[in-house]
Amino acid sequence: MTATPTAPGDGLVRAGGIVFIVGAVATLVTMAPLFLGTDPFPPIAYAVCMLMGVGFMISGAGVMRSIAAQRRAAKSTA
């Protein structure tokens, strides 16, 4: 297997993906009592669901950083 070099922003995209998955799992767990008819979770559980949006924004920042690095590289070679 060949290793590809990491580009700027790759770490942010990975971290954002992990944060997004944590938020998605929290959303599924938080919504389960609505379908099961049990007592709802405390409000802090709903705040953890907001990690989905935070993870999406972190990944977006990583993509923008990668785009900026590619543009700089293209300008320097032209």
Would you be so kind as to tabulate the donor-acceptor pairs closer than 3.5 Å made by side chains of residues 41-55, with sequence neighbours excluded?
none

Show which side-chain atoms of residues 16-31 pair as donor or acceptor with protein atoms under 3.5 Å away, not counting sequence neighbours.
unit_1	atom_1	unit_2	atom_2	d
T27	OG1	G23	O	2.8
T30	OG1	A26	O	2.6

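In terms of the side-chain contact (heavy atoms from CB on, under 4.5 Å) criterion, residue partners of T38 (sequence neighbours excluded) are, by chain and number, P33, L36. In this structure I67 satisfies the side-chain contact (heavy atoms from CB on, under 4.5 Å) test together with V63, M64, R71, sequence neighbours excluded. Residues forming a side-chain contact (heavy atoms from CB on, under 4.5 Å) with A7 (at least two apart in sequence, or on another chain): D10.
Between the side chain of T77 and the backbone N or O of A74, at least one donor-acceptor pair lies under 3.5 Å.
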